[in-house]
Every structure is written in C-alpha cells, then in structure tokens.
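Here the structure is laid out as structure tokens; the discussion comes afterwards.
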Amino acid sequence: IKKDGNLPYDKSGELVFDSDGITDITETSVFKTGYSSIEKIIITEKTIYLYTNAINAYIINSDFFKEQNEKSDFLNYITSKAPDADIIKK
C-alpha cells in the first residue's frame, strides 16, 4: 500500500468526445483513444463503462447527465462510433 507521495492517477480530469475519439485531459497529461479501441460497453443504472482492454475503462457516472435523453443520446453516439464493441446492460 502506498501511503506517501503521488497517487498513480490524477484526482480529476476531463473527457472530451469528438469525431476522432476520446481525449482524456488531466493536470499532468493528455491521452487520446480512438473509438475503435473500445472493446466493451457496460451500462448500469448508475454508471457507463467504456473498456479499451481487460483492465482499463473510462467510467462515466450517470449523474453527469441532467436528463435521461442526454444519456440515451450519448449511448447512441458511442455505439455508433464503436460498432464492434460488445454491449452489456446490467
């Protein structure tokens, strides 16, 4: 357990979804992922997980969306950009 020093991840960041992919912007880095890298999309009542491999996922809390139609529009957009991704609803 690491008790001192920097965490292995940034405490906050911004995800930008544009026509080319997902850009993860933090205080220390900018990382771009193409939509074709999304292997699996898991949708729960409270969270959306966009997996790019077995141990890495973008996690989006459903509270981010002000209304249900915003969440539906987002999911339609992501699934259209990553048509080969497995979609799992829980």
Side-chain angles (χ1 to χ4, degrees):
I1 298 175
K2 189 174 187 178
K3 295 184 178 182
D4 294 321
N6 294 328
L7 295 172
Y9 55 87
D10 290 297
K11 290 182 180 181
S12 64
E14 177 181 356
L15 293 177
V16 177
F17 297 86
D18 61 24
S19 60
D20 297 325
I22 304 166
T23 304
D24 184 2
I25 304 167
T26 67
E27 291 179 11
T28 60
S29 66
V30 175
F31 188 73
K32 184 98 172 156
T33 302
Y35 291 113
S36 62
S37 296
I38 298 174
E39 297 178 355
K40 183 176 9 178
I41 301 168
I42 296 180
I43 305 162
T44 70
E45 184 178 327
K46 296 183 179 185
T47 312
I48 299 169
Y49 302 87
L50 306 176
Y51 281 89
T52 56
N53 59 46
I55 61 170
N56 188 33
Y58 293 105
I59 302 170
I60 302 160
N61 190 311
S62 290
D63 291 341
F64 171 78
F65 304 101
K66 292 181 177 122
E67 297 181 18
Q68 181 62 33
N69 67 325
E70 289 180 352
K71 181 178 177 181
S72 297
D73 290 346
F74 174 77
L75 288 170
N76 288 337
Y77 179 78
I78 290 297
T79 55
S80 73
K81 292 293 191 176
D84 296 331
D86 293 329
I87 299 171
I88 301 168
K89 295 181 181 181
K90 292 188 173 186

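Everything numeric in this text was worked out from a predicted model, so none of it was measured.
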Consider only side-chain heavy atoms of I, L, V, M, F, W and Y, link residues closer than 4.5 Å, and tell whether [X] and [Y] are in one cluster.
X     : Y     : answer
Ile59 : Ile48 : no
Phe64 : Tyr49 : no
Phe17 : Ile42 : no
Ile43 : Leu15 : yes
Tyr35 : Ile87 : yes

For the atom pair [atom1] ([X]) and [atom2] ([Y]), what is the distance rounded to the nearest 0.5 Å?
X     : Y     : atom1 : atom2 : result
Leu75 : Lys89 : CG    : NZ    : 7.5 Å
Ser62 : Gln68 : OG    : CD    : 7.5 Å
Glu39 : Asp86 : CD    : CG    : 8.5 Å
Thr47 : Asp63 : OG1   : CG    : 8.5 Å

Return the minimal non-hydrogen interatomic distance between Thr44 and Lys71, and the atom names on each side.
O-NZ, 3.3 Å
Heavy atoms of Tyr58 and Thr52 approach each other most closely as CE1-CG2, 4.1 Å
Please report the C-alpha distance between Thr23 and Lys32 in whole Å, then the side-chain angles of each, then the deciding distance to 0.1 Å, and finally whether the side chain to side chain donor-acceptor pair (under 3.5 Å) criterion is met.
CA-CA 4 Å; Thr23 304; Lys32 184 98 172 156; 3.2 Å; yes
Would you say that [X] contacts [Y] through its side chain, given a criterion of any heavy-atom pair below 4.5 Å between the two side chains?
X     : Y     : answer
Asp24 : Thr33 : no
Thr26 : Phe31 : no
Ile38 : Ile22 : yes

Between Phe74 and Phe65, how do the two ring planes meet: parallel, tilted or perpendicular, split at 30° and 60°?
tilted
Can you check side-chain contact (heavy atoms from CB on, under 4.5 Å) on Ile41 and Thr79, steps first, answer last?
CA-CA 8 Å; Ile41 301 168; Thr79 55; 4.1 Å; yes
